[in-house]
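First up is the structure itself, then whatever we jot down about it.
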Amino acid sequence: MYGERNRSGKNDKLYVTYKCSGRRSNNGCRNKPINRQYIEKFVLLQLKSLLLGSNIVKNVTKNLNVYMSENSGGLLSNIREYERKKKAIETKINNLIRSIENGISAELVADKLDALGKQKILYEGKIGELKQQLDRKKIKVSEVQHAISNYYELMRADELVVRKFIQKYVEKVLVYQDRIEIILLTNRDLS
């Protein structure tokens, strides 16, 4: 099919339709011309339902959260550092406990064990705080679905954006008398 522009009516309104090239050359095609808006609306609705499919939205959300955690202003590295320090404290505590088991007086190491215990609690608190900050930055599946829906609504209003979006993800649209098939570009990753 090819696009054809026609003006008609009292206001000389522009209509864009898709027509079969076989119809133009009288090759027996019986498909009627189709208004461009109907085809593009159908294609956009199909792309929207594909984009809002649960697996794609989950993958997009997961990828966004991985990106956010990797670029979270050092939160992840701070968590790892406190976990490393906590593990070192736990090792020291275990070594002191083994010393007690091997005969060293508990009174001699009690103050050291107490100080290490307090330090461990402090590190656990810091780790908890940082993890909460990281969790607050996480994106939810519902937020991605909402963003896609909003983008779809905004996109419908701008003809140029619609065209670019379709060109990016659609290889071709096959129109038959009883159905329409959309062939996506296989080199694009929607997730």
Side-chain angles (χ1 to χ4, degrees), residues 1-77 79 130-191:
M1 298 185 101
Y2 64 93
E4 184 174 88
R5 300 163 61 104
N6 293 313
R7 294 198 176 271
S8 92
K10 186 166 69 171
N11 297 332
D12 204 29
K13 187 176 178 181
L14 178 66
Y15 291 94
V16 180
T17 59
Y18 289 108
K19 287 186 175 180
C20 178
S21 57
R23 189 174 175 91
R24 180 192 277 184
S25 60
N26 294 324
N27 284 345
C29 178
R30 292 186 195 108
N31 284 349
K32 294 181 179 181
I34 302 174
N35 187 314
R36 176 187 71 189
Q37 290 175 332
Y38 296 135
I39 294 287
E40 288 177 356
K41 184 177 180 180
F42 176 80
V43 170
L44 286 177
L45 283 170
Q46 296 305 308
L47 287 173
K48 178 184 177 188
S49 68
L50 175 67
L51 288 172
L52 289 175
S54 63
N55 287 339
I56 289 177
V57 171
K58 285 177 186 174
N59 286 340
V60 168
T61 305
K62 178 182 158 200
N63 291 337
L64 284 171
N65 283 324
V66 166
Y67 176 81
M68 296 283 287
S69 67
E70 289 172 353
N71 298 290
S72 62
L75 282 176
L76 208 55
S77 63
I79 290 170
L130 291 170
K131 283 185 176 180
Q132 283 180 347
Q133 287 179 26
L134 199 58
D135 282 344
R136 282 193 294 269
K137 291 185 175 202
K138 281 191 176 175
I139 297 170
K140 296 175 181 68
V141 170
S142 61
E143 293 171 329
V144 173
Q145 287 173 324
H146 184 70
I148 291 171
S149 290
N150 283 346
Y151 179 72
Y152 171 77
E153 296 304 321
L154 289 172
M155 186 175 58
R156 283 183 29 194
D158 189 336
E159 189 176 308
L160 183 61
V161 174
V162 169
R163 233 180 276 137
K164 285 184 178 183
F165 187 78
I166 289 174
Q167 288 171 351
K168 183 173 182 175
Y169 294 108
V170 177
E171 181 177 341
K172 59 185 165 182
V173 178
L174 302 173
V175 179
Y176 299 96
Q177 286 183 340
D178 61 340
R179 70 187 186 285
I180 298 174
E181 290 181 14
I182 301 169
I183 311 298
L184 298 176
L185 288 166
T186 55
N187 63 342
R188 301 285 188 215
D189 182 12
L190 292 175
S191 61

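Nothing fancy with the numbering, it's 1 onward along the sequence. Below, all heavy atoms of this structure are taken into account, side chains as well, without hydrogens, waters or symmetry copies.
Taken to the nearest 0.5 Å, the CD atom of E181 stands 9.5 Å off from the NZ atom of K172. Between the CD atom of E171 and the CG atom of L184 there is a distance of 9.0 Å, given to the nearest 0.5 Å. Taking NZ from K140 and OG1 from T61, the interatomic distance works out to 11.0 Å, rounded to the nearest 0.5 Å. I182 contributes atom CD1, which lies 5.0 Å from atom CZ of F42 (distance to the nearest 0.5 angstrom). For the atom pair CD1 of I34 and CD1 of I39, the computed distance is 4.0 Å after rounding to the nearest 0.5 Å. The distance from atom OG1 of T17 to atom CG of N35, rounded to the nearest 0.5 Å, is 7.5 Å.
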Subject >> Stepwise side-chain contact (heavy atoms from CB on, under 4.5 Å) check, I180 with L174 >> reply: CA-CA 6 Å; I180 298 174; L174 302 173; over 6 Å; no
**OP:** Would you sort out whether V60 and K58 count as a side-chain contact (heavy atoms from CB on, under 4.5 Å), showing the intermediate values?
**Re:** CA-CA 6 Å; V60 168; K58 285 177 186 174; over 6 Å; no
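Taking all atoms of both residues into account, the shortest heavy-atom contact from E143 to K138 is OE1-O, 4.1 Å.
Environment of CD in Q133: crowded, with over 12 heavy atoms of neighbouring residues, nucleotides or ligands closer than 6.0 Å.
At distances below 3.5 Å, at least one donor-acceptor pair connects side-chain atoms of R7 with backbone N or O atoms of D12. Of the possible polar contacts, none joining the N11 side chain to the K13 backbone as a donor-acceptor pair under 3.5 Å is found. In terms of modelled atom types and a separation under 3.5 Å, the side chain of Q46 and the main chain of V43 share no donor-acceptor contact.
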